[in-house]
Amino acid sequence: MFFVKVLEHRIHLHPSFFGAQASDYILDQLYRDREGSNTGTMMIVAIIDVDDISEPKIVPGSGYAEYDVSYRAIVWRPFRGEVVDGLVSSVVNNGFFVDVGGLSVFVSKAMIPPQLKYTVEGATPSFTDGVDQTVERGSQVRLRIKGIRGEMGQMFAIGSIREDYLGPLLQ
Amino acid sequence: MAGPPSLSRHRPLPSGNEEATTTLTLGDMTDVPTLSVSECNELLHSLEKQAEKQGSRATASSDVYLKTREYVGMFARFKDGKTTTQVDHITLTLLEKGVGMFERAQLASLCPDTAEEAKTLVPSLEDKIDDETLQAVLDEISKLRDFS
């Protein structure tokens with residue numbers, strides 16, 4: 001789910017940047033550091049605006065100035081149990097991978113309804129029941145997130161389509 | 001006798017138990033405004049336009065940004081700014097009826113057809129709203145959908 005959240009970030013500025021342009025450097029640094037970053041539980045998609053840049057404080061012993069910046073950002077955070085739509089990025093014999101924004105979700109064979117069978121026709125592997133439901137690379141599916149593991153900088157998730165109203169979307 | 005007052009920060013609550021099943025535990029995202037996929041699409045568009053006009057900051061080129069951009073472009077149910085606002089108005093009435101912001105955005109993103117489908121996809125809705133009211137809102141939303 002996408003959220004609009006107020007976040008804070010602390011930036012250290014080298015003394016050689018002190019001057020009238022200091023706040024520009026701070027903003028550049030903020031956008032460079034935070035936009036597109038992944039904290040392990042959420043992803044910062046884009047910064048909307050900057051609320052406030054605090055008065056700088058000189059860090060004793062180093063000469064660096066310390067700024068606290070508070071900003072509003074569009075944040076994407078998945079939750080266990082949430083239902084999302086996604087695009088299938090690859091199909092392998094024991095499941096398939098779905099891209100949901102910047103998160104890659106794996107749906108394993110145990111989480112796919114038994115009537116969907118793994119088949120390889122020509123060069124395109126797919127899960128299909130032979131009638132109207134097909135999951136192949138490029139199809140859109142609706143899935144429920146079953147578990148998320150987050151580490152600094154990356155996130156992994158597993159999903160399920162073995163429930164009512166989940167599975168490939170009709171297009 | 002009471003000890004000295006504690007000067008240390010409170011330990012943050014352990015994370016990892018957040019969930020959106022029949023109970024909604026959103027951790028530090030509780031009561032944070034949510035965006036549906038279409039609203040996020042609109043917001044990213046307007047941010048891009050704003051950056052273009054000012055010509056100051058190049059639009060972000062991070063992996064997360066580009067992937068999300070593509071994702072919301074593909075899965076936004078309402079591509080047009082006007083309809084997104086209309087849907088927003090319709091779903092805002094749900095907030096007065098006791099539905100949380102998280103469920104509101106889920107409904108606007110997933111666009112279920114029936115109240116039963118909605119309650120299966122978003123289980124925390126179960127005892128927050130009755131089927132008739134929910135169905136009426138869902139019907140109004142689906143009228144605005146563009147299937148072309």
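Order of the sequence lines fixes the chain letters, A, B, ..., with proteins taken first and strands second; residue numbering starts at 1 for each chain. Values in this document were obtained by computation on a predicted structure and should not be read as measured data.
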**Prompt:** Going only through I, L, V, M, F, W and Y residues with side-chain contacts under 4.5 Å, is there a path from A:F96 to A:L169?
**Reply:** yes

**Complete:** Residues A:V83 and B:L121: closest non-hydrogen pair is CG2-O, 3.2 Å

**Request:** Report the distance from atom OH of B:Y65 to atom CE of A:M43, rounding to the nearest 0.5 Å.
**Result:** 16.0 Å

**Asked** Closest heavy-atom contact between A:A46 and B:L44?
**Response** CB-CD2, 4.0 Å

**Structural part of B:S124 lying under 4.5 Å from a heavy atom of chain A** = neither

**Item:** Minimum heavy-atom distance B:L35-A:M1, with the two atoms named
**Value:** O-SD, 3.4 Å

**Prompt:** Any chance CG of B:D31 has more than 12 other-residue heavy atoms, nucleotides or ligands included, within less than 6.0 Å?
**Reply:** no

**Prompt:** Distance from A:W76 atom CH2 to B:K67 atom NZ, nearest 0.5 Å?
**Reply:** 11.5 Å

**Prompt:** What part of B:P123 gets closer than 4.5 Å to chain A, counting heavy atoms only: side chain, backbone, both or neither?
**Reply:** side chain

**Verify same cluster id: B:V32, B:M101 (apolar side-chain graph, 4.5 Å)** = no

**Request:** Calculate, to the nearest 0.5 Å, the distance between atoms CD and OG1 belonging to B:E18 and A:T41 respectively.
**Result:** 7.5 Å

**Message:** Would you say A:V141 ends up clustered with A:I158 if hydrophobic residues are merged whenever their side chains have heavy atoms under 4.5 Å apart, either directly or through other cluster members?
**Reply:** no

**Donor-acceptor pair, side chain of A:R80 and main chain of B:T21, under 3.5 angstrom** = no

**Prompt:** In Å, rounded to the nearest 0.5 Å, how long is the span from CZ of A:F2 to CG of B:L43?
**Reply:** 10.5 Å

**Item:** Heavy atoms from other residues, nucleotides or ligands near CZ of A:R137 exceed 12 (cutoff 6.0 Å)
**Value:** no

**Prompt:** If we only count heavy atoms from C-beta on, is the B:R69 to A:V45 side-chain gap below 4.5 Å?
**Reply:** no

**Asked** For B:K79, does the NZ atom sit with more than 12 other heavy atoms under 6.0 Å from it, leaving out its own atoms?
**Response** yes

**Complete:** Between A:R144 and B:T120, the two heavy atoms sitting closest are NH2-O, 2.8 Å

**Request:** Taking the side chain as every heavy atom from C-beta outward, state whether B:R77 and A:D85 have any pair of such atoms under 4.5 Å apart.
**Result:** yes

**Request:** Measure A:L87 against the heavy atoms of chain B and call it side chain, backbone, both or neither at under 4.5 Å.
**Result:** both

**Message:** Tell me the closest heavy-atom pair linking A:I47 and B:L47, and the distance in Å.
**Reply:** O-CD1, 4.1 Å

**Prompt:** Given a strict heavy-atom distance threshold of 4.5 Å, which part of A:R149 is in contact with chain B: side chain, backbone, both, or neither?
**Reply:** neither

**Request:** With a 4.5 angstrom heavy-atom cut-off, could you sort out which part of A:V100 is near chain B: side chain, backbone, both or neither?
**Result:** both

**Request:** Verify side chain to side chain contact (heavy atoms under 4.5 Å, CB included) between A:V4 and B:E39, making sure each step is shown before the conclusion.
**Result:** CA-CA 11 Å; A:V4 175; B:E39 285 162 357; over 6 Å; no

**Asked** For the hydrophobic clusters of this structure (ILVMFWY residues joined by side-chain heavy atoms under 4.5 Å, transitively), does one cluster hold both B:M74 and A:V98?
**Response** yes

**Request:** Let me see the working for B:E19 and A:E82 under side chain to side chain contact (heavy atoms under 4.5 Å, CB included), right down to the final yes or no.
**Result:** CA-CA 8 Å; B:E19 55 177 17; A:E82 187 185 334; over 6 Å; no

**Message:** Looking at every heavy atom in both A:V84 and B:Y71, which two are closest together, and how far apart are they?
**Reply:** CB-OH, 4.5 Å

**Prompt:** Which atoms of A:I44 come close to chain B, meaning under 4.5 Å heavy atom to heavy atom: side chain ones, backbone ones, both, or neither?
**Reply:** backbone

**Request:** Mind checking the OH-NZ spacing from A:Y165 to B:K119? Nearest 0.5 Å is all I need.
**Result:** 12.5 Å

**Message:** Less than 4.5 Å to any heavy atom of chain A: does that hold for the side chain of B:V72, its backbone, both, or neither?
**Reply:** side chain

**Message:** At a heavy-atom distance under 4.5 Å, which candidate from A:G102, A:G101, A:G150 has the highest pair count against chain B?
**Reply:** A:G101

**Contact winner vs chain A - B:V122, B:D63, B:D28, heavy-atom pairs under 4.5 Å** = B:D28

**Request:** Measure the CG-CD distance between A:D164 and B:E116 for me, rounded to the nearest 0.5 Å.
**Result:** 7.5 Å

**Item:** More than 12 heavy atoms of other groups within 6.0 Å of B:E70 CD
**Value:** no

**Co-membership, hydrophobic cluster, residues A:L13 and A:Y31, 4.5 Å side-chain** = yes

**Prompt:** Looking at side-chain heavy atoms only, is the closest gap between A:K5 and B:T34 below 4.5 Å?
**Reply:** no

**Prompt:** Has A:E151 got more than 12 heavy atoms of other residues, nucleotides or ligands less than 6.0 Å from its CD?
**Reply:** yes

